[in-house]
Amino acid sequence: MTYTSTLIGYPYIGDDREWKKALEAFWRQERTEDDFQETLKSIRLSRIEKQLQSGIDMVTVGDFTLYDRMLDTALMFGLVPKRFNWQGGRVDLHTYYSVARGNHSAVASEMTKWFNTNYHYIVPEYEGQPLQLTENKVLADFLEAKEAFGIIAKPTLIGPYTFYKLTKGYNKLTQVEYLLALLPLYAQIIQELVDAGAQWIQLEEPSLVTTLDSAERKLVQEIYAQLATTVPAAKLMLQTYFEALCSYETLITLPVQGFGLDFVHGYKGNMESLRKFGFPQDKVLAIGIVNGRDIWRSNLAEANATIQAIEKLSDAKELWIQPSSSLQHVPISTSLEKKLDPILKQALAFADEKIEELIELTKYRKNQDGTLRHNFSASMKAIEALKNHSIRQNKIIQQAAQSLSTKDFERHNDFSQRQKIQQQALGLPLFPTTTIGSFPQSDEVKRNRNAWRKKQLSNEDYEAFIELETKRWIHLQEDLDIDVLVHGEFERTDMVEYFGEKLTGFAFTEKAWVVSYGSRCVKPPIIYGDVAWSSAITVKESAYAQSLTKRFVKGMLTGPVTILNWSFVRDDISRKDVAYQIALALRREVEALEAAGIFIIQVDEPALREGLPLRKEEWGAYLDWAVNAFKLATSSVKDETQIHTHMCYCEFNDFIEPISALDADVISIETSRSHGELISSLQVNPYTKGIGLGVYDIHSPRVPSEGEMLAIMKDSLQVLDKHQFWVNPDCGLKTRKEPETIAALANMVGATKILRQEVKESISR
């Protein structure tokens, strides 16, 4: 038996977000292209050097990106949408970032969640254009590592089936045409890697863990049969993650030389498949044994026992020991954290610590080294110490979450009755205008917050500044003639972190950054104890904003499932139990807002869908408790109080029913990049409650015209009643600049007034 330690992928942002800072400086034209590229090369090489120094047997390359790896792959194949006027050849950086972020004349490509993670990828667009290999980026990374370190690394790229499956634009008539153009380019990339000396090539195929019908299975077989015929010398590691391999008995016979299986999130399914069908003796088995999605230390004794069981079941002659997925989903190192509770810190493992765990497991399997048993024992002691921590012993909260009844999840009356009551109580015009919650976080806002956090600014001075900024934006919204206002959230950083800081059971890090989309990095809170509400979180700011205006101001909260899904969550109790604890805490906050005179309350759930299991047949159980968590947080208010929610980055075509089940009075949805698709979906699956379909994309700096937004509004009225339809941007405006925000909102209100007048005239005719 031979053992090899390796990674599927490693974080690319740098210890102090050097990658993010380089991108944003380049976008601001503060760096030349040569300087920018040199900085990125330095970051790439430092990642490789760290893997080599740690003792990883097989280094991975090709997992680095200038923005997003799906975007890299698309542009490498010439999938540049026509609206960007690309003329062929290597894709320059201006075009690359225009596709990602949009420009003054063209909207960006759609962005959506990478399977059930909080990472967002750019969706490739096929428009029938001829495909071409514009640049073999993976080969460039392979040769760079070879030249710098003299190593033969393992190049990785998104596999052909997953890339094909996640592309939009083709249909039943053009899918064969698209695949026939795509596969030769994959073959060319692989052949060039083989010619350059690559011994293994990793093809990432997470789509193979989703439910596949017989036609899809056949297609996968045909794809890999063609690759095997075209590039017979290539040694391919077909890498899956996030779940068990679907149709194992069929797909395990694919003509590849190795399979990577997830034995963390796909433990049950993959172990069952090994027991039933065994493992091909001529293939390498890569065991995903360390969790690449969470930040908890592994129980090394249990992991070692699992490897032993897999060895016996598979009878494989060569094993790779690796994480369950790319480590890009976790922070880089716990060594950067200086303020965490010591008991908690000892129980954590970020990317670098997970590498240490892999190496310890690999060494033990090779040598059965007695000194490593001490490390196994240390991991168990750290896990046990956290289990017994006082923060996990709140019996009152545990009892409350376990003793809920049906009435705790239901509003007093159904929506049709509430709608009439709210129309009378609120008196809003047709097509009410609003925003999603946040306004631009200017440099001044960030400076004052940092000074306050460093105690260079007193609480009184900081609060006075927040009030001034809130007052300024209340007046700006009134000047723009927006109907339902927001206070702007200038006191908040991350939409989850802000609430977690004021609830019990949460911990926060200093440097534990992960990429959410593009250059946006977040520090997910750590939920490691029982969650409880202790005092009002948002009431002071919301009530102050309401005192400044006669218009309604929305209270703004982050929903329980989003707090759950955008945090690193304790793994000693079920996610359902944690969600209900959070919901009970937010219920107290909703009631406090209502008592303070806030009668429109938005509880955002942008992450509701991403928690779905990857197999549709397993959706029901998750949706049952996830929807109930939202209802638990929002159901105790009076009928006059209007509950809003917001969702983004979501394929809604198969999700209308769960959205309706939330029983929110109004939902706003991010749809500007995929508006037509949702309109088509609503024609088939009507939605009957209040809804705002985002009329412009806030992730791009461009300012859309009144006419552009008016066209989206009119399209929406094809499938929505005029009394349902709210008008809003598609997401919060925190990351935008003030001038573009004001200009876009002015156009949004202008377009709404035109629509109101047209509807009024049509009624009078």
**Q** Drop me the distance from Trp452's CH2 to Phe465's CZ, to the nearest 0.5 angstrom.
**A** 13.0 Å
**Q** Output every pair passing salt bridge (charged side-chain N to carboxylate O under 4.0 Å, His left out) with a member in residues 546-555, not counting sequence neighbours, ordered by first then second residue.
**A** Asp481-Arg551
**Q** Short question: side chain of Gln724, backbone of Lys689 - any donor-acceptor pair under 3.5 Å?
**A** yes
**Q** Do other residues, nucleotides or ligands put more than 12 heavy atoms under 6.0 Å from the CD atom of Gln757?
**A** yes
**Q** Testing Ile643, Leu608, Val561 for side chain to side chain contact (heavy atoms under 4.5 Å, CB included) with Phe630, which one passes?
**A** Ile643
**Q** Rounded to the nearest 0.5 Å, what's the gap from CE on Met70 to OG1 on Thr162? Could you check?
**A** 8.0 Å
**Q** Under 3.5 Å, is there a donor-acceptor pair between the side chain of Gln602 and the main chain of His646?
**A** no
**Q** Distance-only, no hydrogens or angles: does the Thr558 side chain make a donor-acceptor pair with backbone N or O of Met495 under 3.5 Å?
**A** yes
**Q** Please list, chain by chain and in numerical order, all residues satisfying side-chain contact (heavy atoms from CB on, under 4.5 Å) with Val666, sequence neighbours excluded.
**A** Gln642, His644, Trp726
**Q** For Glu610 versus Asn565, what's the shortest heavy-atom pair and its separation?
**A** OE2-O, 3.7 Å
**Q** To the nearest 0.5 Å, what is the distance between NE2 on His487 and CZ on Phe439?
**A** 10.5 Å
**Q** Return the CD1 to CD distance between Ile474 and Gln477, rounded to the nearest 0.5 Å.
**A** 5.0 Å
**Q** Could you please spell out the steps behind the salt bridge (Lys or Arg N to Asp or Glu O under 4.0 Å) verdict for Glu469 and Arg449?
**A** CA-CA 12 Å; Glu469 196 70 1; Arg449 183 188 299 124; over 6 Å; no
**Q** First locate atom OG1 of Thr645, then atom CG of Asp604, and finally report the distance between them rounded to the nearest 0.5 Å.
**A** 6.0 Å
**Q** Check Ser109 against Ile122 and note the closest heavy-atom contact, atom names and distance.
**A** CB-CG2, 3.6 Å
**Q** Just so I know, are the side chains of Phe568 and Pro331 near enough to count as touching, which here means a heavy-atom distance under 4.5 Å?
**A** yes
**Q** Does Trp19 use its side chain to pair, donor to acceptor, with the backbone of Thr65 at less than 3.5 Å?
**A** yes
**Q** Quick one: does Ser207's side chain get under 4.5 Å of Phe115's, heavy atoms only?
**A** yes
**Q** Minimum heavy-atom separation for Ile598 to Gly555, with atom names?
**A** CG2-N, 3.4 Å
**Q** List the atom of Thr117, the atom of Trp114, and the distance in Å for their closest heavy-atom pair.
**A** OG1-O, 2.8 Å
**Q** For the pair Lys714 and Glu758, find out whether any cationic side-chain nitrogen is under 4.0 Å from an anionic carboxylate oxygen.
**A** yes
**Q** Using only atom types and a distance under 3.5 Å, with no angle test, would you say the side chain of Lys523 pairs donor to acceptor with the backbone of Thr509?
**A** yes
**Q** Calculate, to the nearest 0.5 Å, the distance between atoms CD1 and CG belonging to Ile436 and Asp730 respectively.
**A** 7.5 Å
**Q** Does the side chain to side chain contact (heavy atoms under 4.5 Å, CB included) test come out yes or no for Val123 and Leu166, once each step is laid out?
**A** CA-CA 7 Å; Val123 180; Leu166 300 184; over 6 Å; no
**Q** Mind running salt bridge (Lys or Arg N to Asp or Glu O under 4.0 Å) on Arg472 and Glu738 for me, showing each step along the way?
**A** CA-CA 12 Å; Arg472 186 170 73 86; Glu738 184 169 319; 2.9 Å; yes
**Q** Looking at Asn728, is its backbone amide N or carbonyl O close enough to the side chain of Thr434 to form a donor-acceptor pair, meaning the two atoms are under 3.5 Å apart?
**A** no
**Q** Taking all heavy atoms of Glu605 and all of Met647, pick out the closest pair and write down the distance.
**A** O-CG, 3.4 Å
**Q** Determine whether Lys511 and Asp16 satisfy the following criterion, salt bridge (Lys or Arg N to Asp or Glu O under 4.0 Å), listing intermediate values before the conclusion.
**A** CA-CA 7 Å; Lys511 301 284 187 180; Asp16 195 28; 3.1 Å; yes
**Q** Grab the two heavy atoms, one from Met748 and one from Val727, that are nearest each other, plus how far apart they are.
**A** CG-CG1, 3.6 Å
**Q** Using modelled atom types and a 3.5 Å cut-off, is there a donor and acceptor pairing between side-chain atoms of Asn747 and backbone atoms of Pro704?
**A** yes
**Q** Does this structure show an ion pair linking Lys540 with Glu491, if we count only N-O contacts that are shorter than 4.0 Å?
**A** no
**Q** Determine whether more than 12 heavy atoms belonging to other residues, nucleotides or ligands lie under 6.0 Å from atom NZ of Lys21.
**A** yes
**Q** Looking at residues at least two apart in the chain, or sitting in another chain, which of them share a side-chain contact (heavy atoms from CB on, under 4.5 Å) with Ala633?
**A** Pro560, Ala583, Leu586
**Q** Look at Glu589 together with Lys502 and state whether they make a salt bridge at an N to O cut-off of under 4.0 Å.
**A** no
